[in-house]
Structures are given as structure tokens and as C-alpha cells.
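A short worksheet on the structure shown next.
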Amino acid sequence: MNATRTLIAVLALSGGLMAQTPRLSLYEEFTGENCPPCAATNPGLNTLLASPTNSPKVVAIKWQVPIPSAPSATWSLYQTNKADINWRYSAYGYGINSAPSGRMDGQNVTVFGAASDHPANLNNTVISTAQSYTSAFNVTMNRAWNPGCTAITLTVSIQATANFNAVGSLVFRTVMVERVIDFTVAPGTNGEKHFEDIAIKSFPTLQSGVAMASNWTIGQTQTFTLNCPIPSYCRKKEEIAFVGFIQDDGNQQVAQCVRADRQALLYDAKAVAARVEPVCSSTLAPLRSEERRVGKEC
């Protein structure tokens, strides 16, 4: 109860009493590919976060930490993004020393009423409590593929809907996630093959993000664009989404969150079969999107 009162007081001081924008909360899970309790917890967590009750209130980023150990496969989720992961769970100061563990809007989940920071203790009431605090910011994030679908351009627009004074440096961080990843072989030792909302890359960097002014007044705005090349280890481009969030590095609180969700590729036709026929030409004539006729001289 004291922790909740402290959070309310800090939010009132930093965001002012005139905050009008509904909050989209950020839930960060620290989970591991070599962690047996993580594999047991994640299916229920994924169901909870995706429910119609909660999906409008909270978005997730899953960080695959090397707890109890790092997976050895070079293509594992940890090994392909370990610089970002190591900084977030360790160097940033969250103090994560066990998995699975969670943070809500940059704070211990217990602040919002959970029995502990273990994801098994996240529930509808905790999510609703976190989301109930209004924010001093309105944020939009729009995305667009480049012509070859090798990169995505993000346009981020921020507007203050209340006065806001940060405790420390105020930063906008942008994380590329894959909404769903399915492996045929588990990347770690816990047998887990299905993953959701996995952090795969940050832009421009996770550590620096995009700097924001520390003090904001109602109506103040900031707009910027980010060019986000798709990393070579991305499993499926169609599953790429982006989670952006404003974070006060003085107290680690997340002031607002936004997600630019999955978007179809510009050119997604697939040749799934070919048919060879003894026709009297050497042309390649289209039949339909699923098959092609390969001509052969008679």
C-alpha cells in the first residue's frame, strides 16, 4: 500500500494534475531459453496478455536473459541480441537476478498490487491498476516498409497533454519485436519453441534512445523519424512490430507506451509450385499466384 501511495505521488508531481491522455502500459518480462520455470510460465502469460480484456491496456517486450545460463546456439534469441539484453536486465539497474521476472512501466510489479514480480502473479487487476494512471503524453508511431522490405521507417510524434518535469534524463526508446516466433528445434535447454513479443533489435540504440526535453508544457511537441534495417537473423518479417516508450532514467518510470503492430509485406505473392509441360514455346506464362508454367521446346 505504501509503495502504491508513493507511485501516485510521484506521478502527480511529474505529470501534473491535469494529465488527460489514457496510458498504454509496458510489461517487460525477463525470461530465459535455458530456464525451465520460464517455459512453464510463458504459455499462461501469453494468454493473459493477449486477452481482449488486457490487449488494449498493455503491450509486452520479452527479454531473453542468460539466467540460469546462456544458450550455446549462435542463432538463439539471447545470442543474436545479447548486447541489448545484457544492458536492459543488468547494466540499466533493474536488478534482475532471477527468471522469469517482470517489470511494469519500469517499476516492480508489486507497486501495482502483484504478490511478487514473478509473471505468474500478473493478473487482470494488476494490469488495470497500472493502466489506470493517466499520462502527460500522447504518442503516435507510424511505420512504412522501404521498396525492398529490407528496412522500416518509423515516424514518431509526441505531444504533451499536461505539464511534466522529469527526475532525470527523459528518453524515447524504440524496440523491434517479433510478435510470434516458432522454432522446430528449441534454441535452449528448456524445450521452449514458441515465443511471443521477443525483443530483437533497438533503434537507434537501446542505451541512448532519442533524447527528449526534461521539462514539458501542455501542447509542446517533438517529432522524429527512425530508419530501422531488418537484422539478418529475423525469422519472419511479417511478424515485426515496434514498441516505443518514454522513460525517465532518473526513476526508471515509463510515462507512456505505443506500438506499431505487424504490417503485411509490400509484395507477398509466393510461388509454391511449378508445373513443367511440353508446350511449343520457351515462354514463362503466369497461371495464378500459386503456380507457374515452365515452357519447354518440343
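For the numbers below, each heavy atom of this structure counts, side chains included, while hydrogens, waters and symmetry mates do not.
- Taking each heavy atom of Ser116 and Asn121 in turn, the nearest pair found is OG-ND2, 2.6 Å.
- Heavy-atom minimum distance, Gly32 versus Asn190: O-ND2, 3.2 Å.
- Going from atom CG of Asn165 over to atom CG of Leu170 covers 10.5 Å, rounded to the nearest 0.5 Å.
- Ser90 meets the side chain to side chain donor-acceptor pair (under 3.5 Å) test with no other residue; sequence neighbours excluded.
- Checking Asp249 against Ser169 by side-chain atom types alone, no donor-acceptor pair falls below 3.5 Å.
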Return all side-chain donor-acceptor pairs below 3.5 angstrom for residues 259-266, not counting sequence neighbours, or 'none' if the list is empty.
| from | atom 1 | to | atom 2 | distance (Å) |
| --- | --- | --- | --- | --- |
| Asp261 | OD1 | Arg179 | NH1 | 2.8 |
| Asp261 | OD2 | Arg179 | NH1 | 3.1 |
| Arg262 | NH1 | Glu239 | OE1 | 2.8 |

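- To the nearest 0.5 Å, the span separating CD on Gln220 from CG on Asn215 amounts to 8.5 Å.
- Residues Thr155 and Asn142 have side chains that never bring a donor and an acceptor to within less than 3.5 angstrom of each other.
- Shown here for Ala211 and Gln222, the closest heavy-atom pair between the two residues is O-NE2, 3.1 Å.
- Contact of the Thr80 side chain with the Arg235 side chain is registered, since non-hydrogen atoms from C-beta on lie closer than 4.5 Å.
- The closest side-chain heavy-atom distance from Val177 to Ile198 is not below 4.5 Å.
- Side chain of Ser128 to main chain of Thr125: no donor-acceptor pair is present (N/O by atom type, distance under 3.5 Å, no hydrogens or angles).
- No donor-acceptor distance shorter than 3.5 angstrom exists from the side chain of Ser51 to the backbone of Thr47, with no hydrogens or angles considered.
- In this structure, a donor-acceptor pair under 3.5 Å is absent between the side chains of Ser25 and Lys57.
- Side-chain contact of Thr21 with Asn138: a donor-acceptor pair under 3.5 Å is absent, judged by distance alone.
- Between Tyr94 and Phe30, the two ring planes are perpendicular [angle over 60°; tilted spans 30° to 60°].
- Sorted by first and then second residue, the disulfide (SG to SG under 2.5 Å) pairs with a member in residues 34-134 read Cys35-Cys38; sequence neighbours excluded.
- At a threshold of 4.5 Å between non-hydrogen side-chain atoms, the residues Phe203 and Pro229 count as touching.
- In plain terms, the two heavy atoms of Gly113 and Val126 that are nearest each other are C-CG2, 4.0 Å.
- A salt bridge is absent between Arg173 and Asp84: the closest approach of a Lys/Arg side-chain nitrogen to an acidic carboxylate oxygen does not fall below 4.0 angstrom.
- In this structure, the side chain of Asn251 engages the main chain of Gln253 through a donor-acceptor pair within 3.5 Å.
- With no hydrogens or angles considered, no side-chain donor-acceptor pair links Asp117 and Ser101 at under 3.5 Å.
- Counted by atom type alone, Asn146 and Thr150 present one or more donor-acceptor pairs between their side chains at under 3.5 Å.
- In terms of modelled atom types and a separation under 3.5 Å, the side chain of Lys201 and the main chain of Pro231 share no donor-acceptor contact.
- Side-chain atoms of Phe245 and Val175, non-hydrogen and from C-beta on, do get closer than 4.5 Å to each other.
- The aromatic rings of Phe183 and Phe195 sit perpendicular to each other, their planes meeting at more than 60°, with 30° as the lower class boundary.
- Of the charged side-chain nitrogens involved, none lies within less than 4.0 Å of a carboxylate oxygen, so that Asp182 and Lys193 do not count as a salt-bridged pair.
- Counting heavy atoms from C-beta on, the side chains of Asn42 and Glu29 come closer than 4.5 Å.
- Between Phe242 and Met141 the shortest heavy-atom distance is CB-SD, 3.8 Å.
- Of the possible polar contacts, none joining the Asn54 side chain to the Leu49 backbone as a donor-acceptor pair under 3.5 Å is found.
- Counting only heavy atoms from C-beta outward, the side chains of Lys236 and Val180 never approach each other to under 4.5 Å.
- Considering every non-hydrogen atom in both Gly244 and Phe172, the closest pair reads CA-CZ, 3.7 Å.
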